[in-house]
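Bear in mind that the values here come from a model prediction, so they are computed numbers and not experimental data. When a ligand or atom number is given, it counts from 1 through the structure's own listing order.
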Amino acid sequence: MNFKNELLKILSDITNLGQENFLLEIPPENVNADFALPCFKLAKIFKKAPNLIALQIAQKISDVEFIAQVNVEGAYINFVLNKEIFAREIISQVLEKKDDFFKSDIGNGKNIVLDYSSPNIAKPFHVGHLRSTVIGNALYNIFSCLGYKCVSVNHLGDWGTQFGKLITAYKNWGNESDVKNKEIKELMKLYVKFHDEVQKNPALNDVARSWFVKMQDGDEQALKLWKWFNDISMEEFQKVYDRLGIKFDYYTGESFYNDKMQAVVDELKEKDLLVESDGAMIVDLENYKMPPCLILRRDGGTLYPTRDIAAAIYRKEKFDFDKCIYVTALDQKLHFEQWFKVVELMGYDWAKNLVHVPFGLVSLDSGKLSTRSGHVVLMEDLLDEAVAKTKQIINEKNFELENKDEIANIVGIGAVVFNDLYNSRIKDVTFSWDKILNFDGETGPYIQYTYVRTCSVLKKAGKTNKNEINYEILTDEASMNIIKLINLFAEKIIDAAEKFEPYIVSRHLMNIAHAFNKFYHDNYILNAPEQVKNARLNLTLCVNLVLKFGLELIGLKVTDVM
Ligand code: ARG
């Protein structure tokens, strides 16, 4: 039974109005009710004062078993559900359906392409890419759980003039054995070196550009070096993905579109969208109050937007997406607005289904990160540090624990991931070890620890009997709070998808964890009389289910002990 739907049916029956006229709300905490119906809209329909309408409707609702009270407060009708029936419905359904209780099929098999992570070859995988990875992965899981068919694409930055720069640097100051030994660190060093040297000798830029043009023309030597640098970087990225437990359906980076760009340029020409400016080819966007979108450089080299347009057209053909979602830092906002507009001007009505999902900056205690200054925090190192610090905490708290390393990995990395998902995307995130690893704070480890607590209670209990639950026992405030939150979770997941905001899921999980911990502190579970114990254990089992499902949904792993 879905209480909201049942209530809507009743309201619709007694008024002879369609269900869409009843905007049932969840009232704020200080109102003692489970649902509230504001009657302003109905007042317009019936041409009567809202408080009068509220009274009239309320009077007609009688003898509904699952409704314990109907109260009118001004223009609102407040509904209080019968607690026992509510508890029975929710708990029995969760125990029966398990994860399916939280899933839905509103996606109806529609295709969604998600473009996220997308680090740049031979540059560091930095905290911004981590954020894109983590948010993108959470959205992938969230949409999948709503019945969408998701495709994840890693649009690697593996093409462009930066490779010309790298090849130039390698030719001038690098050598094979250093690159072989030091891999990504050596590539980054060379990249930094190029930027230092070019200050003194700007002509190096031309050399770099010519190497890139060679790459585009299929020059064997240039492509061999490019491929080598690529493999080195990919190995580094793969380590990070493995540790996060993230896989992509496609690793089709910018280079993948090299042979698909001429067609785009031709099409733009044909549609009269391309104009020359200073030798370069652009799409003028002045009418839309935006700077022009650069399509071809003066030397014929393609650009980041060109590749994005080619990729979008390719993806539309290949996946027939209902939405194509791009998760990047906010500073790329204009880039997406520009080329989305170009796609629209090309006459593709699906341009409206391209969505940029931006996020705020991440700053570390140690300051901002940049490749050029050489001040670089490698993701590998950051994750290592998270795990090492977590292990230290575990050593202090629970030295006896087995599998300490594995658990430290789950918790340490979980802490980093959760930190990226706990606030509205657009907010800047500061990264502080003390904050993210605080087991008592609003952190990933706190929820993971709550999960461990449910596991340990359930393990000690041995077995639960779900057929003989006395639901009256679960009508106290602490239990009801948990049950209500569990009931709301499915709606929160939908809300998170609609807003592209994983934090809605994270916050809700936090609320459930808080509610459970309060319940746990206030009540005996294992030492309670048999009937009470059984009811509370089943509630604990539901929390156990929802926390595991929810944490995995946002990309964290769980452990049974900690
Ligand atoms: N490689 C880019 C960067 O690091 C992000 C790419 C995002 N995806 C896209 N289709 N433009 O900034």
Side-chain angles (χ1 to χ4, degrees), residues 112-137 139-140 150-163 165-166 184 187-188 191 212 226 229-230 233-234 236-237 240-241 246 248-258 260-261 264 293-295 302-319 321 323-343 350-351 353-362 368-372 376-379 420 425 500:
I112 291 201
V113 175
L114 290 119
D115 175 318
Y116 56 96
S117 192
S118 312
N120 302 317
I121 302 292
K123 290 195 195 171
F125 189 114
H126 55 66
V127 281
H129 292 124
L130 181 73
R131 203 153 187 226
S132 169
T133 311
V134 162
I135 293 173
N137 179 58
L139 290 176
Y140 181 97
C150 294
V151 175
S152 55
V153 184
N154 197 330
H155 191 74
L156 296 158
D158 60 0
W159 204 247
T161 31
Q162 76 265 28
F163 291 94
K165 293 179 186 173
L166 195 60
I184 191 92
L187 294 185
M188 286 184 318
Y191 194 73
F212 179 54
W226 167 77
F229 299 151
N230 245 315
S233 299
M234 271 316 292
E236 182 75 25
F237 299 158
V240 176
Y241 296 140
I246 287 179
F248 291 86
D249 298 318
Y250 294 90
Y251 291 82
T252 37
E254 295 184 35
S255 68
F256 179 77
Y257 304 97
N258 193 32
K260 299 172 180 57
M261 255 148 1
V264 173
C293 184
L294 268 60
I295 302 293
T302 56
L303 290 126
Y304 185 43
T306 330
R307 296 189 274 278
D308 259 329
I309 297 168
I313 293 172
Y314 172 83
R315 288 172 190 173
K316 182 65 196 177
E317 265 166 31
K318 183 159 167 91
F319 304 112
F321 56 72
K323 274 192 181 70
C324 185
I325 296 170
Y326 299 83
V327 186
T328 80
L330 180 63
D331 59 6
Q332 298 198 26
K333 185 167 184 273
L334 179 63
H335 161 74
F336 284 100
E337 281 171 356
Q338 285 175 302
W339 76 258
F340 287 0
K341 184 50 102 183
V342 173
V343 174
W350 49 263
N353 302 327
L354 301 168
V355 188
H356 182 216
V357 171
F359 55 79
L361 280 180
V362 189
K368 213 184 155 218
L369 307 159
S370 118
T371 331
R372 292 185 192 175
V376 155
V377 176
L378 283 181
M379 231 357 84
D420 267 341
R425 285 180 274 109
F500 310 105

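With sequence neighbours left out, T133 forms a side-chain hydrogen bond (donor to acceptor under 3.5 Å, both in side chains) with S117. The side-chain hydrogen bond (donor to acceptor under 3.5 Å, both in side chains) test applied to R131 returns D420, not counting sequence neighbours. Under the side-chain hydrogen bond (donor to acceptor under 3.5 Å, both in side chains) criterion, R315 pairs with D115, H155, not counting sequence neighbours.
Here the straight-line distance linking atom OH of Y304 with atom CD1 of I295 works out to 14.0 Å at 0.5 Å rounding. In this structure, I246 CD1 and Y116 OH are separated by 6.5 Å, a value rounded to the nearest 0.5 Å.
Residues lining ligand 1 at a heavy-atom distance below 4.0 Å are given as D115, S118, N120, H129, H155, Y304, D308, Y326, T328, Q332, F336, ordered by chain and residue number.
A distance of 6.0 Å or more separates the ring centres of Y251 and F256.
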